[in-house]
Amino acid sequence: MFQGLEADSIEDLNRIIDVIPNPVIVKNRDHRIVLLNESACRFFGHSREVVLAFTDYDLFPDAEVAVFHAADDRVFATGELDEIEERITDARGRTRTVVTRKQRVRIRGEDHVVAVITDVTAYREAEARSRYLAFHDALTGLPNRTLLNERLDQILLRAPRRPEPGALIYIDLDRFKEVNDTYGHQAGDELVRQFAQRIGGLVRASDTAARLGGDEFAILLHGADPGFSPAEVCRRILLAAEQPFALDEGQAYVSASIGLVEWSEPVIGRTELHQRADMALYQAKRDGRACFRVFNAALDARMRRRRRLEVDLRAALAAGTGLELAYQPLFATQGEQLVAFEALVRWQHPEIGYLQPADFLDVAEESGLIVPLGEWVLEEACTSLRATPDISLAVNLSPAELGSEQCVPRILAVLERTGFDPARLQLEVTEHTILDLRSAVERLRALRDAGIKIVLDDFGTGYSSLSHLQRLAIDKVKIDRSFVHFLNFDESRAIVRAIARLGRSLGVSVTAEGVETEEQRTFLRRLGCEELQGFLLSRPLSTPDAIALLQCRSEQSASIGGLSAAPT
């Protein structure tokens, strides 16, 4: 029994296919076109008479014709519907992607093939473009993190069967923010594009240079070649970064910090490799930037310790154990009276022992635990000092806390729960926090509208100190301890004088922290700093000692000398 379609004549079939918008052609067993519709004529770029006089070899390259004829023969032999996606060359020489559906028909007892063509070129191009954008950075054209991870996964999957040496390099541009601040973000984008071209030319075709975002890049090296070591690649990157970048606004100079992790037979996963490269990069930054560092056993031990601290800190916050507060007093320069306590977190780790903030705060920031930790500090301090109405409380506000959309409602909720007067609370933020967070200004204004005082900490270490004071309603600035420590140098003295003078002209209170010598206190008092803080006056106090100091203050007028001998 015949399988397919039957028609009484070519004319009957012609009336059917001419109303079809897709190109349709009919071939006989000799692969000659015996019928086509108007849409097919437009697609081939020839009139009906010309196409009917042609063979496939007249219309298409030989290699394509062989594919067409094989499909025709398959349909003639089976009678089954055949659908295939293929590449063809049109009359203008352009390569098109089409889906061709072929069906065997019988006309007056003779077998023919009807082919319906759907041009999917635009769809496939859009699909390819979409895939390209999904795996490449729009600014530089380099692979993005997704494609880098995909290629790294492929290497790791092949490693047990075919181990090959490899390396993952993390790159971070130094002083890039200064370029953005000085010349604008368009100049920063141009610098990123130029740097991407430079590192793209430093690697082999088998390697992957990727942009992770901002001024962060990564390079995946796979396989070994003589004279092509990962360390040598790092040195080339350092040299490439140091060359001036030609921008419309002028020449810009940056450098690069690089972290490198190497392997010969990797037995760890992709996440671990990223963490190791990032740890080596962090070490390069700590060592002064403009250098590269290789992940090693010492860094591995440090990373394991940080991971352990993260787990234990999470448990401590959940259980509410181990964490405690110390309170460092602030004293008025005139009258030498206690005016505020700054709350400082400590951690009594069950195995490691007593930890200072420098031992674990960076772990809290990187893990996201700084937000619940900051909330714990605020609530604990407000609860402890709410019954001392004459003393202000200063609490540090981290970039992660200020960057959270829940920052303002979270702080106000703590004040409401504890019954702490907002007018007594001072929130300390750094210049860098305001510089990095566009939303910081609005949130700080909302907090100040609620009656909370805003203190600009580490003042003088940022890029645009005066502009920050002009944009924000700041209640106080704290001169960074580094300037106080080096008051014996003329440059530090000049900076401290300028900050004190600026504070007076703007009506902003000025506090100096890190006061450790009598000479420093005398100099700062003479400049007109309203408040002083430091070990000369008092070390941080435990909660009971802080309460005892307040009780002593209420009973008698304590001298600064007496306060400096307060229990620690």
Side-chain angles (χ1 to χ4, degrees), residues 1-136 146-147 150 154:
M1 179 180 295
F2 174 76
Q3 183 177 356
L5 301 175
E6 290 194 59
D8 293 334
S9 66
I10 290 289
E11 291 74 18
D12 291 340
L13 194 56
N14 184 59
R15 284 192 293 272
I16 296 173
I17 68 173
D18 252 343
V19 298
I20 298 175
N22 290 57
V24 180
I25 61 175
V26 180
K27 293 182 180 180
N28 61 21
R29 279 193 173 272
D30 294 329
H31 302 293
R32 295 193 68 89
I33 299 174
V34 298
L35 186 66
L36 72 162
N37 64 358
E38 287 297 328
S39 181
C41 292
R42 291 192 296 271
F43 182 79
F44 293 132
H46 298 289
S47 67
R48 191 188 305 267
E49 292 74 20
V50 171
V51 174
L52 290 176
F54 280 175
T55 67
D56 285 340
Y57 290 102
D58 297 317
L59 295 170
F60 306 105
D62 291 356
E64 294 180 9
V65 173
V67 176
F68 302 158
H69 288 186
D72 293 345
D73 292 338
R74 188 165 55 249
V75 174
F76 277 126
T78 65
E80 296 178 354
L81 177 68
D82 185 86
E83 181 173 303
I84 186 173
E85 183 171 314
E86 53 197 353
R87 308 271 286 177
I88 68 171
T89 305
D90 65 13
R92 298 180 181 178
R94 298 174 302 180
T95 300
R96 313 297 292 271
T97 303
V98 300
V99 174
T100 306
R101 293 171 58 90
K102 295 184 177 182
Q103 175 70 64
R104 187 177 69 181
V105 300
R106 181 164 291 172
I107 304 173
R108 291 182 180 178
E110 294 185 8
D111 289 346
H112 294 74
V113 166
V114 175
V116 180
I117 300 171
T118 302
D119 189 351
V120 296
T121 304
Y123 176 78
R124 289 292 180 254
E125 288 176 349
E127 192 177 59
R129 179 62 179 167
S130 177
R131 177 175 174 79
Y132 178 87
L133 292 175
F135 288 97
H136 290 80
T146 302
L147 183 53
E150 185 177 282
Q154 291 171 357

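Summarising the geometry of Asn37 relative to Ala40, their closest heavy-atom pair is OD1-N, 2.9 Å, with the distance given to 0.1 Å. Heavy atoms only, all atoms of each residue included: Leu52 and Ile33 are closest at CD2-O, 3.4 Å. Across Leu36 and Ile17, no two heavy atoms sit closer than the pair C-CD1, 4.0 Å. Counting all heavy atoms, side chain and backbone alike, Arg101 lies closest to Leu81 at NH2-CD2, 3.2 Å. A pairwise comparison of heavy atoms in Phe76 and Arg104 identifies O-NH1, 2.8 Å as the closest pair. Across all their heavy atoms, Ser39 and Pro23 have their closest contact at OG-N, 3.3 Å.
With Thr97 as the partner, the side-chain hydrogen bond (donor to acceptor under 3.5 Å, both in side chains) test is satisfied by one option alone out of Arg124, Arg87, Glu127: Arg87.
In this structure, CD1 in Ile117 is found 8.0 Å from CD in Glu86, a value given to the nearest 0.5 Å. Distance CG/Asn28 to CD1/Ile107: 10.0 Å, rounded to 0.5 Å.
Classification of the His69-His31 ring pair by plane angle, with boundaries at 30° and 60°, yields parallel.
In this structure, the side chains of Glu125 and Thr121 come closer than 4.5 Å at one or more pairs of heavy atoms. Put simply, the side chain of Phe44 does not reach to within 4.5 Å of the side chain of Val50, judged on heavy atoms. Between Arg29 and Glu110 the shortest side-chain heavy-atom distance does not fall below 4.5 Å. Contact of the Glu80 side chain with the Val75 side chain is not registered, since no non-hydrogen atoms from C-beta on lie closer than 4.5 Å.
Note: Phe54 and Phe60 fail the aromatic proximity criterion, with ring centroids not under 6.0 Å apart.
Judged by distance alone, the side chains of Thr100 and Glu83 never bring a donor and an acceptor atom under 3.5 Å apart.
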Mind running salt bridge (charged side-chain N to carboxylate O under 4.0 Å, His left out) on Arg32 and Asp56 for me, showing each step along the way?
-> CA-CA 7 Å; Arg32 295 193 68 89; Asp56 285 340; over 6 Å; no
For salt bridge (charged side-chain N to carboxylate O under 4.0 Å, His left out), just list the numbers for Asp72 and Lys102, CA-CA rounded to whole Å, side-chain angles, deciding distance to a tenth of an Å, and then say yes or no.
-> CA-CA 8 Å; Asp72 293 345; Lys102 295 184 177 182; 2.6 Å; yes
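Without hydrogens or angle criteria, Asp58 side chain to Thr55 main chain gives a donor-acceptor distance under 3.5 Å.
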